[in-house]
Amino acid sequence: MRSATAAAATGEVRPGLPRWFEVPAAALGLLLLSPLLLMIAVAVRLSSRGPILFRQERVGRGGRPFVMLKFRSMRMHAGGAQITRSGDPRITAVGRLLRKTKLDELPELWNVLRGDMSLVGPRPEVPRFVDLGDPSWQTVLAVRPGLTDPVTLSLRNEEELLAKASGDPEEYYRNVLQPRKLRGYAVYLHGRSWWTDVKVLAKTMVAVLLSRHSSAPSPENPLCLKSS
């Protein structure tokens with residue numbers, strides 16, 4: 001097996017968890033979590049008018065668009081920016097809890113089952129923030145996007161970071177957070193393996209249970225890979 005250093009030197013993207021593992025794992029997850037999914041669906045329905053699920057186009061492997069599913073956490077027809085900060089008035093009371101615990105993302109297991117996403121991989125982005133001609137994006141889009149990854153773990157409180165940013169939060173995201181995300185994704189993809197992906201899944205479950213947060217990116221922490 002080639003080393004992560006050699007993979008990074010050649011720009012090689014290494015495979016993670018195989019599909020023969022992800023498909024039954026996602027199906028089992030949906031089955032075991034079905035009572036929780038039902039309770040969340042009822043809570044979302046009672047919290048405000050609108051559909052239970054939120055559907056949004058994201059960019060997947062090879063630049064192909066797909067529709068990602070989440071539990072709806074915002075009021076319908078609220079409009080506004082696609083970047084969401086903590087304290088956003090569009091978010092419902094139930095939605096705030098779902099977003100804080102990341103339970104709003106559980107329907108993405110269906111996207112994993114369909115083959116749109118993987119359990120572990122770079123988080124899928126909305127089309128307006130993706131540059132298909134950028135080599136960094138070409139590296140990221142060489143694999144299926146995922147439910148979680150090391151960079152996402154380190155930025156679990158991204159909405160709080162955006163709320164604290166001075167100036168336009170969308171510009172802060174585009175010029176500060178996203179470039180660091182892309183570099184972090186590249187580091188992860190060049191060194192990943194099925195075992196590292198298993199460890200990321202385990203760390204994700206711990207982070208959700210303990211509600212761990214991250215610190216803002218800094219010159220000393222350019223890849224946003226360290227949790228606090």
Query raised in the report: Taking C-beta and beyond as the side chain, do F66 and R61 meet within less than 4.5 Å on heavy atoms?
Result: no
- Taking the side chain as C-beta and beyond, is there a heavy-atom pair between I40 and L103 under 4.5 Å? yes
Answer yes or no: does atom CZ of R114 have more than 12 heavy-atom neighbours from other residues, nucleotides or ligands under 6.0 Å?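 Atom CZ in R114 is not crowded, with 12 or fewer foreign heavy atoms closer than 6.0 Å.
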Find the distance between [atom1] ([X]) and [atom2] ([Y]) and round it off to the nearest 0.5 Å.
X    : Y    : atom1 : atom2 : result
Q178 : Y173 : CD    : OH    : 5.0 Å
T204 : K199 : OG1   : NZ    : 13.0 Å
L119 : R144 : CG    : CZ    : 11.0 Å
L98  : I91  : CG    : CD1   : 10.5 Å
R64  : D116 : CZ    : CG    : 10.0 Å

State, without any angle test, whether [X] and [Y] hold a side-chain donor-acceptor pair at a distance under 3.5 Å.
X    : Y    : result
T148 : R123 : no
R58  : Q56  : yes
R99  : S73  : yes

Exercise. Taking only residues two or more places apart in sequence, or in another chain, which ones meet D104 in a salt bridge (charged side-chain N to carboxylate O under 4.0 Å, His left out)?
Worked result: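 Here no residue qualifies.
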| message | side chain to side chain contact (heavy atoms under 4.5 Å, CB included) for L69 and R55? Distances and angles first, verdict last. | response | CA-CA 5 Å; L69 302 178; R55 295 171 169 83; 3.4 Å; yes
Practice problem: Let me see the working for D197 and Y188 under side chain to side chain contact (heavy atoms under 4.5 Å, CB included), right down to the final yes or no. | Solution: CA-CA 10 Å; D197 279 6; Y188 150 67; 3.3 Å; yes
